[in-house]
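Just below is one structure, and these are the notes that go with it.
We count ligands from 1, going down the list as the structure has it; atoms in each ligand are counted the same way. Starting from 1, each residue takes its place in the sequence as its number.
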Amino acid sequence: MYDVVIIGSGLSGVAAALGFTKKGIKPCILDVGSKPGMEPPITENFYEYRKTTDSFSLMLGEHLEGLHNLIHKDNHLPVKLTSPRMQFVVRGSQRFSPTKKENYRLIQSFAAGGLANAWGAGVYRYNERDLNGFPVSESELSPYYEELKQEMGMSGSNDDLVTYFGREERLQQPLELSANAARLYAKYFRHKKKLNREGVTLGRPRLAVLSEDLDERKACDYSNLEFWQPDLSYIYTPTLTLKKLIKEGKIVYKRGYLAKFWTREDKVLFVHSEDIQDNKIVKFECRKLVLAAGAVNSARLALASRRDFQSRLCLLDNPALQFPFILPSRIGSRLETRSFGLTQLNIVFDFEGGQSPLQGSMLEITSPARAEFFQNFPFSARDNLVFIRNLLPAMIVLQLFFPSAPENGAELKLNTDKELELSGKDFPFQGQRIKSVLKTFRNLGAYSFPSLVVKVPNGLGLHYAGTLPMVSKPNRPYTCSPNGELFGEPGVFVADASVLPVLPAKNCSYFVMANAMRTADFMSSVLLGEA
Ligand SMILES: Cc1cc2nc3c(=O)[nH]c(=O)nc-3n(C[C@H](O)[C@H](O)[C@H](O)COP(=O)(O)OP(=O)(O)OC[C@H]3O[C@@H](n4cnc5c(N)ncnc54)[C@H](O)[C@@H]3O)c2cc1C
């Protein structure tokens, strides 16, 4: 019998495992655990590689996987996940978690390391304002943030955004800015006073991305490979910690098992799991169980264990808008081939009267294939190519997140065929907010139009949360105590984003990981007390 079984090896499961190992407890991680392919890694710049090497298999794949969004029009994936080497992240998700969706796009991962194999590695502390409505305070989380920072490595700066992101000591230097981002940032300083008065603050992102070597890991080499290759050593993923803990013999990792539900006899919990090779059911015994299967699959396990085909749970995600911006002064420049292809800058809009700030990431578009943008220009093929060549090097994209609360969350239930049924609600984006954002960027020398702003489809904010929220005094099923214990289920704890009662407009994973470690700490003290 294991002291602890953790279901899932994503950011939350691995953070919980790390927490247990620090207290001398050896947990067992149960995971489906799909792995990337065995292709040799690319060691040079994406654009150099393409000049010298046939990139058919890299970009399209031996089975044309790269054309996923053309072939499966009803099941669009975020662009990064269509790239052949990244598709292992979502492989088998409909088989392992059959889901019916209405007005919702759900991206599920059954990979070792989960969705974070493809994440942008933006790591932001929740401050007291963000934690409004949570039964946990910033100071309770603080020690875990510090441990995680050491584990992941973090680059960034304590700049104007300190008000929103908090102060981080021992940060590596921020990454080099792309030419577009550098121009926007310089303009910000010219108009800073006015912008700050209007509630707008700009600064460098906090990223679990290395700008300097750390142990065996190399610093970012600006190779633009972020969309094409998993396991870039400068981007932290949970598989780094997972591999280390396995090598050090500090955890047991059971790959190839799909947990279906749990039962209990006295104080022993049994996790009924399918061996995905032969479909046989295997029971794992443990004293405590940690759900870290992601907000959707942890909810599925909780519903299935109660054989509850009635209850409707709320699923939160950050509603988001995408703004493409053109910097006219950069039109006709050469494409920047040496660049970091993800978040360059963050912007926070703390509008007067707004309950909580809106946070945006400004993304370089140097990593995705140029072809992705072809359909966005309405001209003849030849003219579209001219636009792509001349306009794209002058473009930067803002992904602006909005907060989410149960009143605008999606609904999730399990049906008697063991399928999840999900239905999304449209978020009431205000036209006035869009106009204010466009005006701010005009001041920064970047232009767009309301008609070009894209509403990200429900569910593609990719920050799933809130299905099993923590409350100060839980008194109904599917809520958790402040320590993460599920109501009515002694010994079953939730460590992923399911526990968020509301979702601030801020990438949630750093909070989720710190909270998972806090939960593991609490559970360790109970386990050690019982021993
Ligand atoms: C393109 C992209 C960019 C992102 N960028 C950011 C960012 O910059 N910052 C940020 O904070 N967040 C970001 N996110 C979101 C972030 O990656 C996720 O919120 C986070 O990875 C979720 O971690 P998790 O451990 O809770 O669950 P998941 O990553 O979903 O992992 C679930 C794990 O559980 C296992 N599992 C699930 N069900 C079962 C079962 N029944 N039995 C056994 N195993 C099971 C899976 O195999 C997997 O290992 C991004 C996501 C994507 C896709």
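Ring geometry for Phe493 versus Phe522: interplanar angle of 30 to 60°, hence tilted. Between His72 and His68, the ring planes are tilted. Angles from 30° to 60° get that label. Taking the six-membered ring for Trp and thresholds of 30 and 60 degrees, His463 and Phe401 have ring planes inclined between 30 and 60 degrees apart.
By the 6.0 Å and 45° rule, Arg91 does not stack over the aromatic ring of Phe96. Both tests do not hold together for Lys506 against Tyr124: distance to the six-membered ring centre under 6.0 Å, angle to the ring axis within 45°.
No side-chain heavy atom of Tyr257 sits less than 4.5 Å from a side-chain heavy atom of Val271.
Within 4.0 Å of ligand 1, heavy atoms belong to protein residues Ile7, Gly8, Ser9, Gly10, Leu11, Ser12, Leu30, Asp31, Val32, Gly33, Ser109, Phe110, Ala111, Gly114, Leu115, Ala116, Ala118, Trp119, Gly120, Ala121, Gly122, Tyr257, Leu258, Ala259, Ala292, Ala293, Gly294, Asn297, Leu462, His463, Asp496, Asn507, Cys508, Ser509.
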